[in-house]
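Below is one structure; the comments refer to it alone.
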Amino acid sequence: MVGTKPMDVMVPSQAVKFFGAGTAGCIADLITFPLDTAKVRLQIQGEASKIEGACATKYRGVFGTIMTMVRTEGPRSLYNGLVAGLQRQMSFASVRIGLYDSMKQFYTRGTDSAGIVTRLMAGCTTGAMAVAFAQPTDVVKVRFQAQVRTADGGRRYNSTLDAYRTIARTEGIRGLWRGCLPNITRNAIVNCAELVTYDMIKELILKYDLMTDNLPCHFTAAFGAGFCTTVVASPVDVVKTRFMNSGAGKYSSASSCALTMLRNEGPKAFYKGFMPSFLRLGSWNIVMFVTYEQIKREMTKAQHSWESPF
């Protein structure tokens, strides 16, 4: 991603970008996870068949969903799937964000000049690569966020490890890769909208000297990236969530899931949970990019000091 002129002397290494992106993603998840859980609950609401014995809870709005979950399931329910979420970020954000600059250089054959097409290609590539690493963690995270307490107080999964084992045992190894294709599609779109938008907004701000390369600049670019990403990716995200959360045989494919949604619930179903998606993606982008820029800067300074102590 673009940087300031002083930082050009100290270019972050690939290891710094990789570790910094994963760490920043985890920090952002820790802060915004309740919003993500509310988004998942709103997205799956309206499915024709319910889990047998589950409470038919009606969710209304972002904060209404959060309050309902706290009242009916306790505050800890807002962080269902957090362990899998952190596992996902360490493998997912590290690849899709940490390798973005390297992929841009790959497509431009090592030059610093990258047009919109190159950036889009880099975003699509790292987004797809990240899914290959992190898909099982994403499936488990969504399943945990979607599960509600049954009438007898039981739960679908007892722990993160139990979820991995149960899915593999009852649905086969392919169950851990459920929704892989829509997830690749979603993350290619998300990565392009998120990273390319952030990259270009930040570049324009610095080019026209509207701000310096500091927190206000990072905040503005991240907010814009979050909004654009939500608008573009929300339909695919809803389909991905529904398909991942479905049991074996409910939908024959992601396309079948989308068509069933369209037929039973109408076009508006594809934007279910839009507000929590925006609140989550907007806040997640702000926390992640601001944290990533700071981690990257401080680690690069530290690395430079180690290499040149005098």
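Values in this document were obtained by computation on a predicted structure and should not be read as measured data. Every heavy atom of this structure was used, including side-chain atoms; hydrogens, water molecules and symmetry mates were not.
- For the ring pair (Phe, Tyr, Trp, His ring centres under 6.0 Å) test, no residue two or more places apart in sequence or in another chain qualifies with Phe19.
- At least one donor-acceptor pair under 3.5 Å links the side chain of Gln135 to the backbone N or O of Arg178.
- No side-chain donor-acceptor contact under 3.5 Å links Asn183 to the backbone of Gly179.
- A donor-acceptor pair is defined here as one N or O able to donate and one able to accept, closer than 3.5 Å; no such pair exists between the side chain of Thr166 and the backbone of Ala163.
- The side-chain tip of Lys141 does not point at the ring of Phe144 from less than 6.0 angstrom away and within 45° of straight on.
- Ionic pairing of Lys272 and Asp237 is not present here: no N-O contact between side-chain nitrogen and carboxylate oxygen is shorter than 4.0 angstrom.
- Phe92 pairs with exactly one of Asp138, Thr137, Val131 by the side-chain contact (heavy atoms from CB on, under 4.5 Å) rule, that one being Val131.
- No donor-acceptor pair under 3.5 Å is formed between the side chain of Ser234 and the backbone N or O of Val231.
- Remark: the backbone N or O of Met69 is not paired with any side-chain donor or acceptor of Tyr59 at under 3.5 angstrom.
- Of the candidates Phe223, Phe219, Tyr198, Phe289 forms a ring pair (Phe, Tyr, Trp, His ring centres under 6.0 Å) with just one, namely Tyr198.
- Look at Arg143 and Glu171 and you find a salt bridge, because one of the NZ, NE, NH1 or NH2 atoms lies within 4.0 Å of a carboxylate O, short of that distance.
- Within 6.0 Å of the OH atom in Tyr271, the count of heavy atoms belonging to other residues, nucleotides or ligands exceeds 12.
- Between the side chain of Ser246 and the main chain of Phe243, a donor-acceptor pair closer than 3.5 Å is present.
- Of the possible donor and acceptor atoms, one in the side chain of Gln147 sits under 3.5 Å from a partner among the backbone N and O of Tyr157.
- Residue Leu281 is not grouped with residue Ile286 when hydrophobic side chains (ILVMFWY) are merged at heavy-atom distances under 4.5 angstrom, including chains of intermediate members.
- Both tests do not hold together for Arg242 against Tyr251: distance to the six-membered ring centre under 6.0 Å, angle to the ring axis within 45°.
- Without hydrogens or angle criteria, Thr37 side chain to Leu78 main chain gives a donor-acceptor distance under 3.5 Å.
- Judged by distance alone, the side chain of Arg41 and the main-chain N or O of Gln145 form a donor-acceptor pair under 3.5 Å.
- Side-chain N/O atoms of Glu194 and Thr229 include no donor and acceptor closer than 3.5 Å.
- No donor-acceptor distance shorter than 3.5 angstrom exists from the side chain of Gln45 to the backbone of Arg60, with no hydrogens or angles considered.
- Atom OH of Tyr107 is surrounded by more than 12 heavy atoms from other residues, nucleotides or ligands within 6.0 Å.
- By the 4.0 Å N-to-carboxylate-O rule, Arg88 lies too far from Asp29 to be salt-bridged with it.
- Between Ser13 and Met299, the closest side-chain pair of non-hydrogen atoms is not below 4.5 Å.
- Checked against the 6.0 Å centroid criterion, the rings of Phe278 and Phe227 qualify as a close aromatic pair.
- Defined by atom type and a distance below 3.5 Å, a donor-acceptor pair is present between the side-chain atoms of Thr126 and Asn191.
- A salt bridge does not link Asp162 with Arg165: none of the charged nitrogens is closer than 4.0 Å to a carboxylate oxygen.
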